[in-house]
Novice: 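Handing you this structure, nothing more for now.
So that the names make sense, note that chain A is the first sequence line, chain B the second, and so on, each numbered from 1.
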Amino acid sequence: MHIRSIESLLKEKKSQPHQLIEVLQDVQETYGYISEEAMTTVSQKLGVPLIDVYRVASFYKAFSLKPRGKNLLTLCQGTACHVRLSKLLLNQALTQLKVSPGEISEDGLFTIEQVNCLGACALGPVVLQNGTYHHHMNPGKLRKLIISIRKAEKEETAHAQTQ
Amino acid sequence: MREFVTIIIDGAHVRAAKRTSVLDAAIEYGVCIPHLCHVPTLSDIGACRLCVVEHVQNGRSKVTTSCTLNVEEGMVIRSNTEKIRKLRRNLAELLVAQAPNSRAVQDIAVRCGVKEVRYPFRNSDCTLCGRCVRVCSEMWQVKAIGFVGRGKNRHIDFPFGLRPDSCKHCSSCVMLCPMTITPCDGPMERGQEHLCGHCESQLMIVENTPDACVFCELGKGFNCSRQALGQ
Amino acid sequence: MPRLNNCKDLESLKERLQARRKKIKTTLTTCAGTGCQASRSWAVIELLKKELAKKGLEKTVNLRTTGCNGFCEQGPIMVLDPDNLFYCHIRPEDVPEIVSETLMKGKVINRLLYTDPVSGKKITTEAEIPFYRAQDRQILAMNRKVDPCSIEDYIAAGGYTALAKTIGVTNPETVIGAIKASGLRGRGGGGFPTGRKWAECHEAPGDEKYVICNADEGDPGAYMDRCVLEGNPHLVLEGMMIGAWAVGAGKGYIYVRNEYPLAVKHSRIAVEQARKMGLLGENILGTDFSFDVEISRGGGAFVCGESTALMASLEGKVGEPRAKDVHTVVDGLWHMPTTLNNVETWANVPMIIQNGAAWFSAKGTGGSKGTKILALTGHVKNTGLVEVAMGTPISKIVNDIGGGGANGKAIKAVQTGGPSGGCLPAEKFDLPVDFDALYEAGSMIGSGGMVVMDERTCMVDVAKYFLTFLQDESCGKCLPCRLGIDRMLEIVTDITEGRGKREQIPLLEELAQTVQETSLCGLGKTAPNPVLSTLRYFLPEYERHIDQKCCPAGVCQALITYQVFGEKCNGCGVCLRNCPNKAIQGRKKEPHWIDSKLCTRCGICASECKFDAISVS
């Protein structure tokens, strides 16, 4: 992952308080979450009081104040997915991974998030995995997806270790 | 040179300075409109909704908060219709069911005519009125505390939960907070929450003259603006 | 990309592009909208490119990648013109055959044809498909004709001619008058007359004005705006430019919700291309009209669909609405006069200017003119985006276009308008898609979401679902919304978990009324609608939950039990192994059974069972 420092993310936006949300989105995309250090730097460089940076970061769902697992599984809970029983998907994921929404699983591989509609309603229930859309999901398919991701990660770690 | 307009509150012609709110005009004139998040000299945000009135325009009346509505020449306001009293009562009922452990909140409930609470009580220690946030931000321009989170998770906090150096312990936030005044019977522990309703004598007066300010004891509970003016 | 210095440049470019396109006879249109991408359409498209090159066909076949066409469940989709041949559910392994058999030999591949779920027959052309035929596709039809990343496609299809007809040619009052005469009303949910909004903004004092495109489509189950913005961003841009010129704005923003990355990407590309051609920036088409657009992403908050919250978000603040005693057309973004309209509203503008107000107002009812795009989802055979004339009865949409109930179940209700709307029972399906008619019936068009529900849906659970959604999305500033929705949810949850009491129903209604009247913004004001409409039309379901502690639809987890059908169970043990609570017992090859005391009704066993032996009672 190409990591730019927070300062460089702020390059053309110094002292422009109204760019706060755009800047935080860049931070979120780059680091996967927004740390206290990041918020303090943003506050200083943009000229926004620290409480207001914290306020915005805690208000919007796009921002996570805690690190996330390697695989972000976003489960759509929109109406169309709901009537196709997307709630069961949530039960399945939380039970299988033994986490609460927003937390990282013990092996550090997964975080489950809910979103209130991804806009792919005809294909529901939908699960978004790190940018890839999985459609017409049910608890069984989700269980198999999680198992296959785990397997792939194990193989990747084993492969890296032998290098 | 201050400019004035005339507005009509509950049939009475009231002279009010331009760029003041209907709530300020009403309070100064002696009309009682219950309020919680309003504090004189601080901005009005219309969060508690207790100060709702009916604004009559073009034959239709719209329910709106009087603290965010600025006076205009000829404006017609009704602050004590049956509809408004019912809405206020329901709002106060929600408020006291959420945060009963405060004399201010209990007083407001009585003033708004709450006779029973139909929801299970909770024991929150914050009404989210925002008085503390606004005094820190507007009067002292420090911004040491603020609203954090959204919806059910909305709460007041320091940045990252740590008191910053910019907080000088002035206690303005504490002085304005309605939760620091214990209920007349004493603090209510978890499971002991109830509707106080002790100020029955006050209630008789306010029931007979619902819209007139009678400098009721209830107002002292939440630092009612009229009390502040009277002092 | 040539720079267009005046209207003549635009006209001659259009002619050149059209002439070039006429030369190629065969066009392959494939969809790469979010829906089809989820079905891996990019793999198909990449393979098509390779295959066409391999066979030397890249010069004679025009491969066009479009945005969403609305029939997502059939994706990946391909249409072959001039024959209008329609293939669906295409997999990468089908590509070589498509190229060698259909393109080169003219043979139709039967298995790739669309099967009409009602008649069971195969249909060859797109135009014959009942789903499309029963619609009135004005905006959606354009998505088929343009690659969203190609401004040339848009210009060749007649784009920006409406703009050329207005700026520097007529005057703002004429344009505003045309929009007023058309009867266009806001398509985002408010239904406010667009012409009147523009007029008020035009008259508002101030030199610095703004136009905003609200693409924060937060209604769950609605994705019309995603489709239009992803598939034809230039249409929206052109509408904004015309509006900006009419009200006197020099800067515009497209506020796109964070969950639509493709729409953000395509809007950015469109703005860049427009700038390069001189259609955005200083002195557009040689006039003294200067205008530029910035794309802004949302942070993930449904409340930012509300206009004052959206503007606060654009200003870098939290999306908390403010009191609107002074309208945003006078005091909006940065306290300047601002015209905020929805994506679909802007998208209608160029066609109204091009074809005239009378063309638009000829369609629809007395109070609702033109066409509306709806997102038809849920328990119907054909789900997808549907564009119909206002006034079309719901029954036509659900049956003729939707093909009726899926899985042979009877349709119970239709939910329209998202969390601000309500549920209408089947008896009300003769109601037309009309702002006022639906409002009187206790629902609303809203942004256009239309979720069909059959007997597998519990209406009390639907009320609970929407309240949960709104509680999550409420900004929390005002008391009635924050506490009122919370308490309504508490009561409805009690009912779904068998603790309901009869006296809670009138309390729910009284509380709903208070929330409606006293909430600060539209979110709170309309929050009670799902509850109120389900109480109005489905009271018996509430009563059964309360009196008999029973959920007739079999949804409310606390009131149902999962059971194994002994006759269908062959004892394979899959359910037993997958039960997280070890609640299933049984020996191999013998019927299994579920211990309801241990069962948490998570539903995993029913979804794993391949023999349909587990059901809900």
Novice: Is Val56(A) close to chain C through its backbone or its side chain, or both, or neither, when contacts mean heavy atoms under 4.5 Å?
Specialist: both
Novice: My understanding is that only residues two or more places apart in sequence, or in another chain, count here; which of them pass ring-ring contact (aromatic ring centres under 6.0 Å, His included) with Tyr54(A)?
Specialist: Phe160(B)
Novice: Are side-chain heavy atoms of Val451(C) and Val83(A) found at a separation under 4.5 Å?
Specialist: yes
Novice: Provide the closest heavy-atom pair for Arg297(C) versus Asp26(A) in the form atom of the first, atom of the second, distance.
Specialist: NH2-OD1, 3.5 Å
Novice: Is the closest side-chain heavy-atom distance between Gln557(C) and Asn91(A) below 4.5 Å?
Specialist: yes
Novice: For chain A, which residues from residues 461-472 of chain C have at least one heavy atom closer than 4.5 Å to it?
Specialist: Asp461(C), Tyr465(C), Phe466(C), Phe469(C), Asp472(C)
Novice: Can you find a heavy atom in the side chain of Val115(A) that is under 4.5 Å from one in the side chain of Glu259(C)?
Specialist: yes
Novice: Heavy atoms only: give me the nearest Thr95(A)-Pro580(C) pair and the separation to one decimal.
Specialist: CG2-CB, 3.4 Å
Novice: Search all heavy atoms of Cys117(A) against all heavy atoms of Pro220(C) and return the closest pair with its distance.
Specialist: CB-CA, 3.4 Å
Novice: Could you check if a side-chain atom of Arg55(A) sits within less than 4.5 angstrom of a side-chain atom of Glu320(C), using non-hydrogen atoms only?
Specialist: yes
Novice: Hey, which of Gln96(A), Gln92(A), His134(A) has the most heavy atom pairs under 4.5 Å with chain C?
Specialist: Gln92(A)
Novice: Can you tell which part of Ser58(A) gets under 4.5 Å to a heavy atom of chain C, answering side chain, backbone, both or neither?
Specialist: neither
Novice: Would you say Lys61(A) has more than 12 foreign heavy atoms packed within less than 6.0 Å of its NZ?
Specialist: yes
Novice: Can Glu608(C) and Lys141(A) be said to form a salt bridge (charged side-chain N to carboxylate O under 4.0 Å, His left out), step by step?
Specialist: CA-CA 9 Å; Glu608(C) 292 281 2; Lys141(A) 279 186 188 170; over 6 Å; no
Novice: I'd like to know which of Ala122(A), Gly78(A), Ala62(A), Pro139(A) tops the heavy-atom pair count under 4.5 Å against chain C.
Specialist: Ala122(A)
Novice: Taking side-chain hydrogen bond (donor to acceptor under 3.5 Å, both in side chains) as the definition, give me every residue that meets it alongside His379(C), ordered by chain and number, with sequence neighbours left out.
Specialist: Asp454(C)
Novice: With no hydrogens and no angle check, just 3.5 Å: does a side-chain donor-acceptor pair link Tyr133(A) and Ser39(C)?
Specialist: no
Novice: Can you name the residues of residues 68-76 of chain C that have some heavy atom under 4.5 Å away from a heavy atom in chain A?
Specialist: Cys72(C), Glu73(C)
Novice: Any side-chain heavy-atom pair from Tyr60(A) and Ser313(C) closer than 4.5 angstrom?
Specialist: yes
Novice: Heavy-atom distance under 4.5 Å between the side chains of His18(A) and Leu314(C), does that happen here?
Specialist: no
Novice: Report yes if some heavy atom in the side chain of Asn258(C) is under 4.5 Å from a heavy atom in the side chain of Phe63(A); otherwise report no.
Specialist: no
Novice: Contact part of Asp52(A) toward chain C, heavy-atom cut-off under 4.5 Å: side chain, backbone, both or neither?
Specialist: neither
